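Take a look at the structure set out below.
Below, all heavy atoms of this structure are taken into account, side chains as well, without hydrogens, waters or symmetry copies. Predicted model only: the values in this text are computed from it and were never measured.
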Amino acid sequence: MSIVETQEHRDLRTAVAALGRRHGRAFDRETLWSEAGKLGYLGVNLPEEYGGGGGGLAELSIVLEELGAAGCPLLLMVVSPAICGTVIARFGTEEQKRAWLPGLADGSRTMAFGITEPDAGSNSHRITTTARKVADEDGGGWILNGRKVFVSGVDITDATLIVGRTEDARTGSLKPCLFIVPRDAQGFHRSQIDMELQAVEKQFELVLDDVRLPAEALVGDEDAGLLQLFAGLNPERVMTAAFALGMGRYALDKAVDYAKTRQVWQQPIGAHQAIAHPLAQAHIDIELARLMMRKAAHLYDAGDDAGAGEAANMAKYAAGEACVRAVDQAVHTLGGNGLTREYGLASLITASRVARIAPVSREMILNYVSHQSLGLPKSY
């Protein structure tokens, strides 16, 4: 991994930034998603033989970061091409790859991801959504029952990749498995969660009530579900970091521009160190978090899942903190104007907290680092 980005990556940033500027803060999600897909940006990480760009997480994170920096982040990129596309590309059957990857790459098909449950929270080992195998004489396949919460974009995606648990025939214990559940599957119910956060992609609670699925709905190997699950969670953390960095950069750019042009006592307010230094610190924090994100993406693309796990968690933590500080300082720089609709920063006060909370809280990341990286005793 080079500390300096390649020319190819710089060119990708430039091209995506130009797309983002054309759409801007008042973007239409469907229009931008369609255009990004046609230009090959949504599937830049997916295999070429299935319509993707043949790149990796490094390229996909650049796309999301630059769109976010232009004020038009596509949150579903964290889920559809990054989590679901990656899992299917790595572990799916040939039929699943042919059925899903070309559409995920060009944006014509999308997938949501359902893992969080009301009583499980960050503990994926306590997932209670179960999948029961149906005997061949009864038609075969699976029956899913359970609940999921905070699932993004279920109403606008074609299917949801659901994390369930099946019984191990040898031990009787439950093991995680991944299933593709079509949006219109019988018994698959959704209800929108009333969020204070205003976002294009809505949040949903899902109820799976005897959802009958064919055998081919199972992704990958039934006995390798945990490995496959975490293969999707590392990209989720890296892409959440990209989402946060883009938002932080957007807010910082607004604040810097304001500090250069806002005149008080015959000089720009940015000439005062009380204004300039916090903005400079926010810029440093963003750049440091970006380096860790690039490291995480590089390790993941190189196949180092263990190394990527540590780096992805650190990147997500650092980017979330940098985003919150950048947004807070941007609003503070603008003063009263920072709370007006005209400048478009006030809504980011709530939105910036997403990267601290989802997909895993900063406290759980600190638990991970203290236990996995530092070797300290586990507290949970």
[X], [Y]: one ILVMFWY side-chain cluster at the under-4.5 Å cut-off?
| X | Y | result |
| --- | --- | --- |
| Met292 | Leu366 | yes |
| Ile286 | Val63 | yes |
| Val79 | Phe179 | no |
| Leu374 | Ile365 | no |
| Leu39 | Phe27 | yes |

Distance, nearest 0.5 Å, that separates [atom1] of [X] from [atom2] of [Y]:
| X | Y | atom1 | atom2 | result |
| --- | --- | --- | --- | --- |
| Leu197 | Ser352 | CG | OG | 9.5 Å |
| Trp33 | Ser108 | CH2 | OG | 10.5 Å |
| Lys254 | Tyr258 | NZ | OH | 13.0 Å |
| Leu218 | Ile180 | CG | CD1 | 9.0 Å |
| Arg165 | Leu144 | CZ | CG | 13.5 Å |
| Arg262 | Thr333 | CZ | OG1 | 12.5 Å |

Does atom [atom1] ([X]) have a neighbourhood of more than 12 heavy atoms from anything else shown, all under 6.0 Å?
| X | atom1 | answer |
| --- | --- | --- |
| Glu363 | CD | yes |
| Lys295 | NZ | no |
| Glu95 | CD | yes |
| Gln273 | CD | no |
| His23 | NE2 | yes |

Salt bridge flag under 4.0 Å for residues [X] and [Y]:
| X | Y | value |
| --- | --- | --- |
| Arg147 | Asp209 | no |
| Arg13 | Glu65 | yes |
| Glu321 | Arg362 | yes |
| Arg290 | Glu287 | yes |
| Arg190 | Asp155 | no |
| Asp328 | Arg353 | yes |

Would a distance-only check, ignoring hydrogens and angles, find a side-chain to backbone donor-acceptor pair under 3.5 Å from [X] to [Y]?
| X | Y | value |
| --- | --- | --- |
| Ser373 | Glu310 | no |
| His189 | Val207 | no |
| Asp301 | Ala58 | yes |
| Asn313 | Gly309 | yes |
| Lys316 | Ala355 | yes |
| Asn45 | Leu57 | no |
| Lys260 | Ala271 | no |
| Glu117 | Thr128 | yes |
| Gln263 | Gln267 | yes |
| Gln372 | Val369 | no |

Determine, step by step, whether Leu206 and Val151 satisfy the side-chain contact (heavy atoms from CB on, under 4.5 Å) criterion, reporting the C-alpha distance in whole Å, the side-chain angles of both residues, the deciding distance to 0.1 Å, and the verdict. CA-CA 8 Å; Leu206 305 179; Val151 184; 3.9 Å; yes
With no hydrogens and no angle check, just 3.5 Å: does a side-chain donor-acceptor pair link [X] and [Y]?
| X | Y | answer |
| --- | --- | --- |
| Glu196 | Thr350 | no |
| Glu216 | Thr93 | no |
| Ser347 | Arg25 | yes |
| Asp305 | Asn234 | no |
| Gln7 | Asp11 | yes |

Is there a side-chain contact between [X] and [Y], using heavy atoms and a 4.5 Å cut-off?
| X | Y | result |
| --- | --- | --- |
| Gln281 | Arg325 | no |
| Leu67 | Tyr41 | no |
| Pro176 | Thr166 | no |
| Glu35 | Leu19 | yes |
| Val181 | Val211 | yes |
| Met239 | Ile83 | no |

Can you check side-chain contact (heavy atoms from CB on, under 4.5 Å) on Ser152 and Lys202, steps first, answer last? CA-CA 6 Å; Ser152 303; Lys202 306 306 179 185; over 6 Å; no
Let me see the working for Leu60 and Leu64 under side-chain contact (heavy atoms from CB on, under 4.5 Å), right down to the final yes or no. CA-CA 7 Å; Leu60 191 65; Leu64 181 55; over 6 Å; no
Do Phe204 and Phe150 have their ring centres less than 6.0 Å from each other? no
If I compare all heavy atoms of [X] with all of [Y], which pair ends up nearest, and what's the gap?
| X | Y | result |
| --- | --- | --- |
| Pro81 | Leu46 | O-CD2, 4.1 Å |
| Thr110 | Thr157 | OG1-CA, 3.1 Å |
| Ala312 | Arg237 | O-CB, 3.7 Å |
| Leu76 | Met111 | CD1-O, 4.3 Å |

Please determine if Arg212 forms a cation-pi arrangement with Trp142, meaning its NZ or CZ atom is less than 6.0 Å from the six-membered ring centre and no more than 45° off the ring axis. no
For a side chain to side chain contact (heavy atoms under 4.5 Å, CB included) with Val163, tell me which candidate from Leu178, Thr129, Thr116 qualifies. Leu178
Please test Lys148 against Ile127 for side-chain contact (heavy atoms from CB on, under 4.5 Å), starting from the C-alpha separation and ending with a verdict. CA-CA 9 Å; Lys148 300 290 181 183; Ile127 288 174; 3.7 Å; yes
